[in-house]
Amino acid sequence: MNATGLRDIYCGQVNASNIGQKVNLCGWVSKIRDHGEHLVFVDLRDHTGIVQCVVEAKLNLKPEYVLRVTGTVFNRPEDTFNDRIATGEVEIKNCEIQILNTAETLPIPIDPKINVEETQRLKYRFIDIRSDRMQYNLRLRHRILESIRHSMSAMGFLEVDTPLLWMPTPEGAREFLVPSRLQKGQFYSLPQSPQIAKQLLMVAGIDRYFQIAKCLRDEDLRSDRQFEFTQLDLEASFVKENDIMDFVSKVIKSLYEDVFNTSIDDIPKMTWIEAMYLYGTDKPDLRIPVVITDLSQLFENTNVNALKGQSIQGLILKGGSLISRAKLDELVEIAKRGGAKGLLWLRVTEDTSGIVFDSPVSKFFQDEDRESLKKGLDPEPGDLILIVSDEKPLACKVLNIVLSKVISDNLIDIKLDQADHRYVWITDFPMFESVDESNNAVAAHHPFTMPNIEDLDLITKDPLKVRSSAYDLVLNGWELGSGSVRIHDRSIQETVFKALGLTIQEAYERFGFMLEAFKYGAPPHAGFGLGIDRLVAILANESSIREVIAFPKSQSGIDLMTLSPSQVPATSLKELGIQLVKDSKNEGKNEVKQ
RNA sequence: GGACCUGUAGUGCAGUCUGGAGUGCACGUCGGCCUGUCAAGCCGAAGGUCGCGGGUUCAAAUCCCGUCAGGUCCGCCA
């Protein structure tokens with residue numbers, strides 16, 4: 001399979017079983033160790049590894065020359081085995097070397113021991129990808145996609161391509177626009193996800209659809225966000241919420257088996273409200289062994305002003321009493337910036353009378369306050385207690401922000417093991433995230449998300465209490481994907497539009513063709529979108545998705561290799577009927593240092 | 001739009017706080033030596049717009065202002 005017209009075997013695959021064989025090898029010169037004209041070692045590299053070629057002649061080679069080496073596999077003298085490479089027991093001798101191409105000295109090293117600035121790596125990405133790191137990441141990505149496609153196919157899902165040049169989706173992210181040449185003055189929009197297309201495929205009777213889909217969003221970039229990213233997009237008909245979670249769980253579990261030959265536990269479920277109250281976030285990192293405790297009831301009769309808020313939320317950090325006063329002051333500031341009135345901290349110490357709380361407000365404490373703390377948090381000497389008293393959601397959110405800072409600054413001994421993958425399903429998201437000034441609800445998801453049937457009555461009465469049939473998959477604090485059951489029932493859809501402040505007429509103007517399609521027999525359906533870049537990044541132990549994308553953009557949206565985006569000839573603009581507005585600020589902006 | 005960090009030979013870094021000769025180190029490159037190395041070794045050499053522009057100063061890599069680029073984050077984004 002691996003043999004080609006030029007090559008019999010990959011460099012990294014030569015082993016003792018090949019001894020005595022005459023082989024053709026192809027690859028790049030990785031290292032030359034020149035001992036003079038009687039002995040030169042040439043390390044030949046391809047993506048599988050390195051093999052040593054021994055030459056007893058003067059050579060005119062330089063690193064990164066592309067070679068075809070014809071030689072015989074020999075066992076190395078035993079005292080010269082190299083156990084750091086897979087081919088370390090053999091070498092190629094009696095070499096005939098054909099230079100297939102020369103190479104200039106590389107602008108950046110591809111040695112894994114040398115850290116190269118990301119600017120340089122992105123500028124010379126074609127060289128950077130020769131590195132072990134990028135080769136591993138891209139090949140891992142391939143194997144993950146391969147496994148996903150296999151799982152999806154096995155479950156009866158059909159891969160269907162959907163258009164990139166499409167119509168704008170009025171909700172959600174800012175979209176990229178593409179000017180139309182044939183319809184001057186009009187634009188296509190690049191889809192932020194195939195959401196509408198896949199729902200139409202359900203109406204069309206596809207039953208189970210999936211796609212490894214490119215999604216495009218013109219929003220600011222982050223270590224976990226690129227303009228264009230890849231999603232496992234799926235949708236299925238005649239299913240309930242749990243069916244979709246089962247499909248996705250199956251895909252995830254299978255890929256651990258296929259790619260890593262290991263298995264993972266069943267993915268636990270947690271409601272949104274549980275996540276918010278225990279972790280203060282809707283994307284909890286289950287590796288963190290600290291959860292928030294509701295202390296409200298314990299302090300109902302307290303005289304301590306700091307404990308008289310609408311709710312009292314606390315957490316306890318084992319060994320946290322060693323955190324310096326200066327750091328604690330910083331944490332208080334962070335809590336205030338997060339919207340809390342303050343952050344109460346208590347160092348737990350011990351004297352002859354037992355447990356003692358050392359805090360700026362401890363002088364106001366009565367015995368029963370101390371008893372409440374002991375009862376609620378079970379403190380031990382050396383611990384640190386952090387308390388925020390405020391409305392419960394805010395208090396929990398602030399404690400999460402503070403805890404994140406404690407962990408990121410290594411203030412206590414919590415080591416987050418990158419190899420520990422803790423998945424969790426977050427369910428029962430709220431249907432609406434807020435109510436705007438004209439008393440219209442603002443959708444938390446897209447407007448086709450199905451409300452929880454039990455909460456239908458609340459849509460008009462108390463919209464913020466309405467739960468939706470939406471669910472997220474979270475891994476180690478990263479949101480990997482989200483999905484929902486979609487509304488297929490016309491009257492429910494109208495109720496939701498009404499709550500959002502849309503008349504049926506307005507809704508038709510925005511999503512006309514979709515509502516039209518739904519008239520003709522839309523099956524109940526639900527779906528999901530799983531962020532492939534984030535998944536691969538975590539599985540590759542990378543902290544940025546750029547490391548698992550072949551040609552990513554920088555944070556300001558520039559491709560440092562091609563220096564795009566770039567200006568285009570006036571004729572191209574004219575053809576599209578586009579005239580540029582002068583903006584002196586941006587002139588010559590892309591003249592990046594060469 | 002905002003906050004913080006970074007920018008010095010091809011590459012990675014030191015020097016910047018506390019101004020004083022174009023500033024060192026390592027890798028790489030080039031030349032020489034070398035018959036078992038594997039980050040080969042030894043000897044020698046070349047290589048700099050200190051991101052860019054302006055200001056302060058007798059004097060700026062260093063201080064000040066602006067700007068560009070990279071990163072992390074907030075806003076934004078499922």
Side-chain angles (χ1 to χ4, degrees), chain A residues 30-43 50-57 62-64 74 76-85 87-88 91 93 104-124 127-128 171-175 192-193 195 215-227 229 231 282-283 334 337-338 401 404-405 408 426 429 433 443-446 449 470-474 478-484 528-531 534 543-544 546 553-558 560 563 585-586 588-594:
Chain A
S30 182
K31 277 269 158 51
I32 302 166
R33 290 177 295 279
D34 186 350
H35 290 244
E37 61 187 273
H38 299 291
L39 182 65
V40 183
F41 298 104
V42 177
D43 283 345
I50 282 172
V51 65
Q52 172 169 282
C53 305
V54 185
V55 182
E56 290 164 357
K62 289 181 185 177
E64 302 306 315
F74 276 78
R76 287 197 194 190
E78 205 161 321
D79 56 334
T80 66
F81 281 6
N82 181 354
D83 55 17
R84 274 172 302 204
I85 57 174
T87 63
E91 59 190 4
K93 292 181 102 165
E104 290 184 16
T105 303
L106 298 188
I108 56 169
I110 54 176
D111 187 333
K113 290 178 290 295
I114 300 172
N115 215 26
V116 180
E117 232 177 54
E118 199 168 355
T119 319
Q120 300 297 327
R121 293 180 54 206
L122 292 178
K123 184 174 171 186
Y124 299 106
I127 292 168
D128 185 47
E171 306 298 321
R174 188 183 299 116
E175 291 173 323
Q192 50 179 299
S193 82
Q195 182 61 38
C215 304
L216 296 113
R217 294 180 187 162
D218 189 3
E219 298 291 352
D220 286 4
L221 286 64
R222 287 283 194 287
S223 61
D224 61 348
R225 274 159 39 190
Q226 285 272 307
F227 286 150
F229 59 97
Q231 188 170 288
D282 60 4
K283 35 186 179 186
I334 286 170
R337 247 180 288 142
I401 296 171
S404 302
K405 177 72 178 170
S408 66
I426 308 296
F429 272 73
E433 64 186 16
H445 215 69
H446 55 70
T449 301
Y471 33 86
D472 274 11
L473 181 62
V474 171
W478 281 31
E479 183 199 312
L480 270 195
S482 65
S484 64
F528 199 75
L530 179 76
R534 290 180 183 180
S543 52
S544 163
R546 292 187 300 275
K553 292 184 178 51
S554 74
Q555 198 165 52
S556 51
I558 294 173
L560 293 169
L563 292 187
K585 209 180 147 195
N586 285 328
K589 201 178 168 189
N590 240 354
E591 317 257 324
V592 175
K593 172 179 85 153
Q594 286 291 334

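So you know, we letter chains A, B, ... as the sequences are listed, proteins then strands, and number each from 1.
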**Q.** Rounded interatomic separation in angstrom, taking NZ from A/Lys123 and P from B/rG10
**A.** 11 Å

Q.
Please classify the nucleic acid contact of A/Thr80 as base, sugar-phosphate, or nothing, using heavy-atom distances under 4.0 Å.
A. base

(Q) Looking only at the side chain of A/Arg225 (C-beta and beyond, no hydrogens), which of the listed nucleotides B/rA78, B/rC77, B/rC34 gets closest? (A) B/rC77

Q | Comparing A/Glu433 and A/Leu122 on RNA chain B - which has the more 5′ nearest nucleotide | A | A/Leu122

Q: Determine, for nucleotides 24-30 of chain B in 5'-to-3' order, which nucleotides have protein heavy atoms under 4.0 Å from the base (write B), from only the sugar-phosphate (write S), or from neither (write -).
A: ---S-SS

Q) A/Arg84 side chain N/O closer than 4.0 Å to the phosphate oxygens (OP1, OP2) of B/rA39? A) yes

Q: Starting from P on B/rA78, measure out to CG on A/Leu480 and report it in whole angstrom.
A: 16 Å

Q) What distance, rounded to whole Å, do you find between the two P atoms, one in B/rA69 and one in B/rG75? A) 23 Å

Q.
Can you check the distance between B/rU62 and B/rG20, where both ends of the measurement are the P atom (answer in whole Å)?
A. 11 Å

(Q) Is the shortest side-chain heavy-atom distance between A/Glu64 and A/Ile110 below 4.5 Å? (A) yes

(Q) Give me the distance, rounded to whole Å, that separates B/rU6 from B/rC17 when you measure between the P atoms they each carry. (A) 13 Å

(Q) Rounded to whole Å, how long is the line connecting atom CD of A/Gln226 with atom P of B/rU72? (A) 10 Å

(Q) Both distances below 3.5 Å, Watson-Crick or wobble geometry, any strand: find the nucleotide opposite B/rA9. (A) none

Q: Specify the closest pair of heavy atoms between A/Cys215 and A/Ser193, including all atoms of both residues, with the distance to one decimal.
A: SG-CA, 3.9 Å

Q: With the side chain of A/Arg76 defined as its heavy atoms from C-beta on, choose the nearest nucleotide among B/rG71, B/rC76, B/rU37.
A: B/rU37

Q. So, does the side chain of A/Glu56 form a donor-acceptor pair with the base of B/rU35 at under 3.5 Å?
A. no

Q: To the nearest Å, give me how far apart CD1 (A/Ile32) and C1' (B/rG31) are.
A: 15 Å

Q | First of A/Ser544 and A/Gln52 reached from the 5' end of RNA chain B, by closest nucleotide | A | A/Gln52

Q. Quick one: does A/Asp472's side chain have a donor or acceptor within less than 3.5 Å of a partner on A/Val474's backbone?
A. no

Q. With both distances under 3.5 angstrom, what nucleotide forms a Watson-Crick or G-U wobble pair with B/rC17?
A. none

Q: Scan A/Asp218 against the nucleic acid and name what it touches under 4.0 Å (heavy atoms): base, sugar-phosphate only, or nothing.
A: nothing

Q: Between B/rA69, B/rA78, B/rG10, spot the one nearest the side chain of A/Thr119, thanks.
A: B/rA69

Q. Counting just side-chain N and O atoms, does A/Gln555 come under 4.0 Å of either OP1 or OP2 of B/rU72?
A. yes

Q: Write down the distance separating the P atoms in B/rC76 and B/rG2, rounded off to the nearest Å.
A: 16 Å

Q. What is the base-pairing partner of B/rG22, counting Watson-Crick and G-U wobble geometry with both distances under 3.5 Å?
A. none

Q. What's the closest nucleotide to the A/Lys113 side chain, out of B/rU35, B/rA39, B/rG71?
A. B/rA39

Q.
Can you measure A/Asp34 atom CG to B/rC38 atom C1' for me and round it to whole angstrom units?
A. 14 Å

Q. Heavy-atom distance under 4.5 Å between the side chains of A/Leu216 and A/Glu175, does that happen here?
A. no

Q | B/rG53 - base-pair partner by Watson-Crick or wobble geometry, distances under 3.5 Å | A | B/rC65

Q. Quick one: side chain to side chain contact (heavy atoms under 4.5 Å, CB included) partners of A/Pro109, sequence neighbours excluded?
A. A/Ile114, A/Val116

Q) How far, in whole Å, is B/rG24 from B/rA14 if one measures between their C1' atoms? A) 7 Å

**Q.** Side-chain donor or acceptor of A/Gln192 paired with backbone N/O of A/Ala173 under 3.5 Å
**A.** yes

Q) Using a cut-off of 4.0 Å on non-hydrogen atoms, how would the nucleic acid contact of A/Lys93 be classed: base, sugar-phosphate, or nothing? A) base

**Q.** Closest to the A/Leu39 side chain, choosing from B/rG36, B/rC13, B/rA78
**A.** B/rG36

Q) Are A/Lys31 and A/Asp43 ion-paired here, with the side-chain N under 4.0 Å from a carboxylate O? A) no

Q: Would you tell me if any nitrogen or oxygen in the side chain of A/Arg546 comes within less than 4.0 Å of OP1 or OP2 on B/rG70?
A: no

Q. Between B/rU37, B/rU11, B/rG1, which nucleotide has the shortest distance from any of its atoms to the side chain of A/Pro109?
A. B/rU11

Q: For B/rA40, take OP1 and OP2 only and decide whether either is under 4.0 Å from a side-chain N or O of A/Arg33.
A: yes

(Q) In this structure, how many angstroms lie between the C1' atom of B/rG36 and the CG atom of A/Asp43, rounded? (A) 13 Å

Q) Do A/Arg217 and A/Phe229 have side chains that get closer than 4.5 Å, going by heavy atoms? A) yes

Q: Once you apply the 3.5 Å cut-off to both distances, tell me the Watson-Crick or G-U wobble partner of B/rC76, or none.
A: none

Q. P atom, B/rA45 versus B/rG51: distance in rounded Å?
A. 28 Å

Q) What nucleic acid atoms does A/Asn82 come within less than 4.0 Å of, heavy atoms only: base, sugar-phosphate, or nothing? A) base

Q | Spacing between A/Leu216 atom CG and B/rA78 atom C1', to the nearest angstrom | A | 15 Å

Q: Using the C1' atom on both, measure B/rA3 against B/rG48 and round to a whole Å.
A: 33 Å

Q. With distance as the sole criterion, do the side chain of A/Arg222 and the base of B/rG71 form a donor-acceptor contact below 3.5 Å?
A. no

Q) Are any side-chain N or O atoms of A/Arg76 and backbone N or O atoms of A/Glu91, one a donor and one an acceptor, separated by less than 3.5 Å? A) no

**Q.** A/Gln120 vs B/rG70: side-chain N/O to OP1/OP2 distance below 4.0 Å
**A.** no

Q) Quick one: which of B/rC13, B/rC74, B/rU35 gets closest to the side chain of A/Glu117? A) B/rC13

Q: Please report, rounded to the nearest Å, how far the P atom of B/rC73 is from the NZ atom of A/Lys405.
A: 13 Å

(Q) Need one value for A/Phe227: base, sugar-phosphate or nothing, where a base atom within 4.0 Å counts as base even if backbone is also close, heavy atoms only. (A) nothing

Q.
Applying the 5.5 Å / 30° rule, does A/His35 stack onto the base of B/rG36?
A. no

Q.
Could you work out, with ring pair (Phe, Tyr, Trp, His ring centres under 6.0 Å) as the rule, every residue matching A/Phe227, not counting sequence neighbours?
A. A/Phe176

(Q) Does a side-chain N or O of A/Ser556 approach OP1 or OP2 of B/rG70 to a distance below 4.0 Å, or not? (A) yes

Q) If we call it a pair only when both distances are under 3.5 Å in a Watson-Crick or G-U wobble match, what pairs with B/rG44? A) B/rC30

**Q.** Qualifying residue, where the test is side-chain contact (heavy atoms from CB on, under 4.5 Å) with A/Arg546 and the options are A/Gln555, A/Glu118, A/Arg121
**A.** A/Glu118

Q: Search all heavy atoms of A/His445 against all heavy atoms of A/Ser482 and return the closest pair with its distance.
A: CE1-OG, 3.7 Å

**Q.** P gap between B/rG54 and B/rA61, integer Å
**A.** 14 Å

